[in-house]
Amino acid sequence: QAEDGIRDYKVTGVQTCALPILKQGSSKWSETNPSLSIFVPIRSRSELIAELQSVEREVTEILIHWSGTYVDQNYSASDLHRIAIQANGKGIESHYVITRNGAIERGRPVEVLSPELPNNHHQRSIGVVMVGGINSGHTSTQTSPESLNYSSASYTRSQWKALNTFFTAAFTAYPGMQALGHGDIE
């Protein structure tokens, strides 16, 4: 575990050295066939701060989304990208994914705008999706949208900790930035 609480299964001790920063430019991005090397985890808070500070477009908001998946589905950024291609042909919409084990993974490059949102929020926001949202297993007999138990209780303690780490990094990179839920902009 790294010193700032971002978990990574490959890190076995305290991280003491700086890691190279992957600048997320649009040159590697194709909505239907991006380089899979972009869907990698953030390894430290300092790496995330540096990445956010390197964004060349104006950013004033973090938009928090949920994946609308069940508690027993631990999807990664590449999984969500694949599912989105199948559903809409456009790929993952969020810039970062917080997985159920608390990893913060890169999604759509930050320099690439999310698809259009109400009031042009996509032009100045960074999207973060938390994997989950439905507080039951995918084998549940509840199948209609009205019967599903949508709840923040579907998120793990590790996810809440990772979201806090993301907020800390974002507010360091962009003092005065606001955080909104997707429902806040509609």
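Everything numeric in this text was worked out from a predicted model, so none of it was measured.
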Stepwise side chain to side chain contact (heavy atoms under 4.5 Å, CB included) check, Val59 with Leu52:
CA-CA 9 Å; Val59 176; Leu52 293 172; over 6 Å; no

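- Side chain of Gln86 to main chain of Ile83: no donor-acceptor pair is present (N/O by atom type, distance under 3.5 Å, no hydrogens or angles).
- In this structure, Gln123 and Leu113 have side chains that are in contact, with non-hydrogen atoms separated by less than 4.5 Å.
- For the side chain to side chain donor-acceptor pair (under 3.5 Å) test, residues two or more places apart in sequence or in another chain that qualify with Thr69 are Ser67.
- The closest donor-acceptor contact from the side chain of Arg106 to the backbone of Ile38 lies at 3.5 Å or more, if one exists at all.
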Start with the C-alpha gap between Ile126 and Phe166, add the side-chain angles, then the distance that decides, and say whether side chain to side chain contact (heavy atoms under 4.5 Å, CB included) holds.
CA-CA 11 Å; Ile126 292 175; Phe166 191 91; 4.2 Å; yes

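- Asn164 is linked by a side-chain contact (heavy atoms from CB on, under 4.5 Å) to Thr168, counting only residues two or more places apart in sequence or in another chain.
- When the salt bridge (charged side-chain N to carboxylate O under 4.0 Å, His left out) test is applied to Glu61, the partners found at least two apart in sequence or on another chain are Arg124.
- At a threshold of 4.5 Å between non-hydrogen side-chain atoms, the residues Ser154 and Ile134 do not count as touching.
- Here Ala84 pairs with Asn88 under the side-chain contact (heavy atoms from CB on, under 4.5 Å) rule; sequence neighbours left out.
- For Tyr155, the ring pair (Phe, Tyr, Trp, His ring centres under 6.0 Å) criterion is met by Trp160, not counting sequence neighbours.
- With hydrogens and angles left out, the side-chain atoms of Thr156 and Ser158 include no donor and acceptor closer than 3.5 Å.
- Between the side chain of His95 and the backbone N or O of Val112, at least one donor-acceptor pair lies under 3.5 Å.
- By the salt bridge (charged side-chain N to carboxylate O under 4.0 Å, His left out) test, Arg82 pairs with Asp79, sequence neighbours left out.
- Looking at Phe39 and Leu80, their side chains never come closer than 4.5 Å, going by heavy atoms from C-beta outward.
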Just do the side chain to side chain contact (heavy atoms under 4.5 Å, CB included) check on Tyr96 and Glu51 with the steps written out, would you?
CA-CA 12 Å; Tyr96 295 95; Glu51 183 168 301; 2.5 Å; yes

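- Listed by chain and number, the residues in a side-chain contact (heavy atoms from CB on, under 4.5 Å) with Ala153 are Asn135, Ser151 (sequence neighbours excluded).
- With rounding to the nearest 0.5 angstrom, the CD1 atom of Ile85 is 12.5 Å from the NZ atom of Lys90.
- Not counting sequence neighbours, the partners of Asn74 by the side-chain contact (heavy atoms from CB on, under 4.5 Å) test are Thr99, Arg100.
- Glu111 contributes a side-chain N or O that, together with a main-chain N or O of Glu56, makes up a donor-acceptor pair within less than 3.5 Å.
- One hydrophobic cluster, built from ILVMFWY side chains closer than 4.5 Å, cannot hold both Ile49 and Val55; they sit in different ones.
- Expressed to the nearest 0.5 Å, how far CD1 of Ile64 lies from CD1 of Ile98 amounts to 6.5 Å.
- One N or O on the side chain of Ser44 and one on the backbone of Glu47 form a donor-acceptor pair closer than 3.5 Å.
- The shortest side-chain heavy-atom distance between Leu163 and Gln159 does not fall under the 4.5 Å cut-off.
- Residue Arg57 holds its CZ atom at 6.5 Å from OG of Ser125, rounded to the nearest 0.5 Å.
- Across every non-hydrogen atom of Ala169 and Arg45, the tightest pair is CB-CG, 4.1 Å.
- Under the side chain to side chain donor-acceptor pair (under 3.5 Å) criterion, Tyr174 pairs with no residue at all, not counting sequence neighbours.
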